[in-house]
Protein chains: 2
Amino acid sequence: MAARVDRLFEVFDRLFAIKEECSSEIFCECGLDDITSRQIDYLKVIDEHRDVTFSRLAEITKNSKPTITEMVDRFVQIECAYRQRSPDDGRVVHIRLTEKGQMIANVEQNALYRMIDRMVQMLDEDEVDLLVEILRKVG
Amino acid sequence: MAARVDRLFEVFDRLFAIKEECSSEIFCECGLDDITSRQIDYLKVIDEHRDVTFSRLAEITKNSKPTITEMVDRFVQIECAYRQRSPDDGRVVHIRLTEKGQMIANVEQNALYRMIDRMVQMLDEDEVDLLVEILRKVG
DNA sequence: TATGATTAGGTAGATCCTAACTAACAGGTA
DNA sequence: TACCTGTTAGTTAGGATCTACCTAATCATA
């Protein structure tokens with residue numbers, strides 16, 4: 001089984017490298033190769049909580065409101081988010097992600113889709129079915 | 001094929017999540033859940049260039065020597081590296097990784113090994129062989 | 001003297017904070 | 001209706017801390 005483990009390691013190492021390439025590709029396409037992991041985390045929270053306000057985001061992330069203002073200012077600057085004043089209450093501002101912001105918030109899934117696109121080009125339908133069948137036993 | 005792609009996405013999403021768990025597990029075990037990606041990059045360089053000196057590391061990473069001194073000081077503090085004075089030349093100090101430092105420098109591979117360990121427990125030998133055969137066509 | 005590393009001192013940017021402020025709303029009162 | 005008041009949402013000002021870099025000067029060894 002040890003040799004089998006090694007072979008598995010090899011093919012998965014290659015696969016993970018491909019996904020890494022896809023991630024980097026996405027960051028480059030967005031012109032954001034120096035974004036911090038903290039910023040990506042915030043983008044994810046904003047993406048998950050649609051229509052989130054500054055106060056709510058401060059609550060969720062356990063930060064002060066000025067911290068959120070600052071963070072969103074930076075997102076606006078790098079074109080990942082924009083402000084949208086609420087039509088119901090002039091005091092309230094919703095934080096919305098741009099297409100770029102959404103792309104980065106979901107960079108893992110997007111990279112995975114790209115990786116799988118590459119995979120299916122190399123495999124026929126039976127192989128894909130077999131792959132799914134085997135891997136379902138793992139998860 | 002669209003449904004097949006979705007199924008592939010599902011199983012791989014789960015697989016990547018497992019690897020993520022393994023990575024976090026390793027960082028936690030090392031007591032280093034707040035290490036920066038920059039620091040990990042430096043650990044990788046130190047790991048790849050065995051017996052590297054301060055001057056050499058400054059050269060490789062295109063940084064000043066004080067930057068390296070500071071970085072290594074931090075690694076020593078978090079028990080990822082230690083200094084070893086050269087027996088041949090009293091001026092020279094080699095940067096060496098501790099076991100913990102090596103674990104973090106290779107966290108991706110180590111997490112992958114853990115993931116594969118989990119996989120082989122769920123699969124028989126034929127399934128592993130089949131998996132390798134199919135995935136080799138991708139890389 | 002030249003080299004390898006360290007020390008001292010400093011800058012820039014990210015990520016946090018409190019206190020004070022502005023704008024907008026909501027309710028009561030004249 | 002018009003005005004006053006208190007509350008709420010977000011911003012501004014100013015500051016602290018940390019990472020990650022730097023130059024210039026220093027120390028130890030060759």
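First the proteins, then the strands, lettered A, B, ... as listed; each starts at 1. Note that the structure is predicted; figures quoted are calculated from it, not measured. All heavy atoms count here, side chains included; hydrogens, waters and symmetry mates do not.
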Margin query: Against Arg114(A), only a single residue in Glu21(A), Glu108(A), Glu29(A) fulfils salt bridge (charged side-chain N to carboxylate O under 4.0 Å, His left out); can you say which?
Written below: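 The single option meeting the salt bridge (charged side-chain N to carboxylate O under 4.0 Å, His left out) with Arg114(A) is Glu29(A).
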Checklist line | Heavy-atom closest pair, residues Cys80(B) and Leu43(B) | finding: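 Result for this residue pair: CB-CD2, 4.1 Å.
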[N] [atom2] sits how many Å from [X] [atom1], rounded?
{"X": "Asp34(B)", "N": "dC18(D)", "atom1": "CG", "atom2": "C1'", "answer": "11 Å"}
{"X": "Phe54(B)", "N": "dT6(C)", "atom1": "CZ", "atom2": "C1'", "answer": "9 Å"}
{"X": "Leu32(B)", "N": "dT19(D)", "atom1": "CG", "atom2": "P", "answer": "13 Å"}
{"X": "Glu59(B)", "N": "dA5(C)", "atom1": "CD", "atom2": "C1'", "answer": "14 Å"}
{"X": "Arg56(B)", "N": "dG4(C)", "atom1": "CZ", "atom2": "P", "answer": "12 Å"}
{"X": "Leu57(B)", "N": "dG4(C)", "atom1": "CG", "atom2": "P", "answer": "14 Å"}
{"X": "Asp73(A)", "N": "dT15(C)", "atom1": "CG", "atom2": "P", "answer": "13 Å"}
{"X": "Arg83(B)", "N": "dA5(C)", "atom1": "CZ", "atom2": "P", "answer": "10 Å"}

Item checked: Between Tyr42(A) and Asn63(A): side-chain donor-acceptor atoms closer than 3.5 Å ->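 Note: Tyr42(A) and Asn63(A) side chains meet the donor-acceptor criterion.
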Looking only at side-chain N and O atoms, does [X] come under 4.0 Å of OP1 or OP2 in [N]?
{"X": "Ser55(A)", "N": "dG10(D)", "answer": "yes"}
{"X": "Arg74(B)", "N": "dA20(D)", "answer": "yes"}
{"X": "Asn63(A)", "N": "dC17(C)", "answer": "yes"}
{"X": "Thr67(A)", "N": "dC17(C)", "answer": "yes"}

Note to self: Using the ring centroid of each side chain, check whether Phe16(B) and Phe16(A) are separated by less than 6.0 Å.
What the structure shows: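 Phe16(B) vs Phe16(A): aromatic centres under 6.0 Å.
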Short side-chain to backbone donor-acceptor contact, [X] and [Y], under 3.5 Å:
{"X": "Thr61(A)", "Y": "Leu57(A)", "value": "yes"}
{"X": "Asp124(A)", "Y": "Glu127(A)", "value": "yes"}
{"X": "His94(B)", "Y": "Thr53(B)", "value": "no"}

Notebook entry, point to check: Taking protein heavy atoms under 4.0 Å as touching, what does nucleotides 25-30 of chain D look like 5' to 3' if B marks base contact, S marks sugar-phosphate-only contact and - marks none?
Noted result: ----BS
Next item on the list: For Glu70(B) and for Lys65(B), locate the closest nucleotide of DNA chain C by heavy-atom distance; then report the residue assigned to the nucleotide nearer the 5' terminus.
Entry: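 Here Lys65(B) is the residue nearer the 5' end.
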Checklist line | Selected nucleotide, minimal atom distance to Val92(B) side chain, candidates dT15(C), dC22(D), dA5(C) | finding: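 Among the listed nucleotides, the one closest to the side chain of Val92(B) is dA5(C).
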Check: Which nucleotide sits closest to the side chain of Thr69(B): dT7(C), dT11(D), dC17(C)?
Finding: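 Per side-chain heavy atoms of Thr69(B), the pick is dT7(C).
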Checklist line | Same cluster (ILVMFWY, side-chain, under 4.5 Å), Val72(B) and Val92(B) | finding: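 Different clusters.
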Check: Measuring from Leu123(B):CG to Ile116(B):CD1, what's the distance to the nearest 0.5 Å?
Finding: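 Answer for the CG-CD1 pair, Leu123(B) versus Ile116(B), is 11.0 Å.
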Notebook entry, point to check: Residues two or more places apart in sequence or in another chain: which of them pass salt bridge (charged side-chain N to carboxylate O under 4.0 Å, His left out) with Glu70(A)?
Noted result: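 For Glu70(A) there are no salt bridge (charged side-chain N to carboxylate O under 4.0 Å, His left out) partners, ignoring immediate neighbours.
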Margin query: At a heavy-atom distance below 4.0 Å, what parts of residues 36-53 of chain A sit against DNA chain D?
Written below: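 Contacts with DNA chain D under 4.0 Å: Thr53(A).
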